[in-house]
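Only one structure is covered here, and it is reproduced in the block below.
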Amino acid sequence: ALPKKRTINMGRLKVRELRGKSRDDLVKQLDELKTELSQLRVVQVTGGAPSKLAKIKLVRKSIARVLTVINHTRREELKKFFKGKKYKPLDLRPKKTRAIRRQMTKFEKSRKTLRQIKKETHFPKRKYAVKE
């Protein structure tokens, strides 16, 4: 038989549960977690129980989860807002590399100057038939 997994479920947050919540609920939960963390830090300074000290890590990770969900939902909303617009904020544009970002677009590459167009029409490429 497989050994049982040890799970510490002292207020561990599931991200899938957080995604369903509204922004106000998430902010409220974030405030609660931050106050809990500050209380745990006081306990740490005063020399509290080891169980309380172990909970600091869990609370910090939970704060990170809530912030991640908040930021992710905000980015998704911004992506929807700027979809189809000509300009987007820099952080929503594709990163790629500096050289690729500065390359000419297909449209820019295909454009020709008036002089070039005239030259091509008046002096077309010569075609030679080779006898064998």
Please tell me if the side chains of R93 and R101 come closer than 4.5 Å, counting only heavy atoms from C-beta onward.
-> no
Side chain to side chain contact (heavy atoms under 4.5 Å, CB included) test vs I70 passes for just one of R65, Q29, R23, namely R23
Nearest heavy-atom pair of T121 and K118: which atoms, and what distance?
-> OG1-O, 2.8 Å
Taking side chain as C-beta onward, heavy atoms only, is L13 less than 4.5 Å from L33?
-> yes
Between CG on residue L30 and CG on residue D25, distance to nearest 0.5 Å | 12.5 Å
Are V66 and V15 in one and the same hydrophobic cluster, where Ile, Leu, Val, Met, Phe, Trp and Tyr link if side-chain heavy atoms are under 4.5 Å apart?
-> yes
Any side-chain heavy atom of R74 within less than 4.5 Å of one from N71?
-> yes
When rounded to the nearest 0.5 Å, the distance separating CG of L37 from CD of Q39 is 9.5 Å
Out of curiosity, L40 CG to T35 OG1, how far, rounded to the nearest 0.5 Å?
-> 9.5 Å
State the CD-NZ distance between E32 and K28, to the nearest 0.5 angstrom.
-> 7.5 Å
Is it true that atom NZ of K85 has more than 12 heavy atoms of other residues, nucleotides or ligands lying nearer than 6.0 Å?
-> yes
Nearest non-hydrogen partners of Y87 and F82, listed with the distance = O-CD2, 3.7 Å
Which pair of non-hydrogen atoms, one from K52 and one from V43, has the smallest distance, and what is that distance?
-> CB-CG1, 3.9 Å
To the nearest 0.5 Å, atom OG1 of T68 lies from atom NZ of K61 at 10.5 Å
Drop me the distance from K14's NZ to S62's OG, to the nearest 0.5 angstrom.
-> 10.0 Å
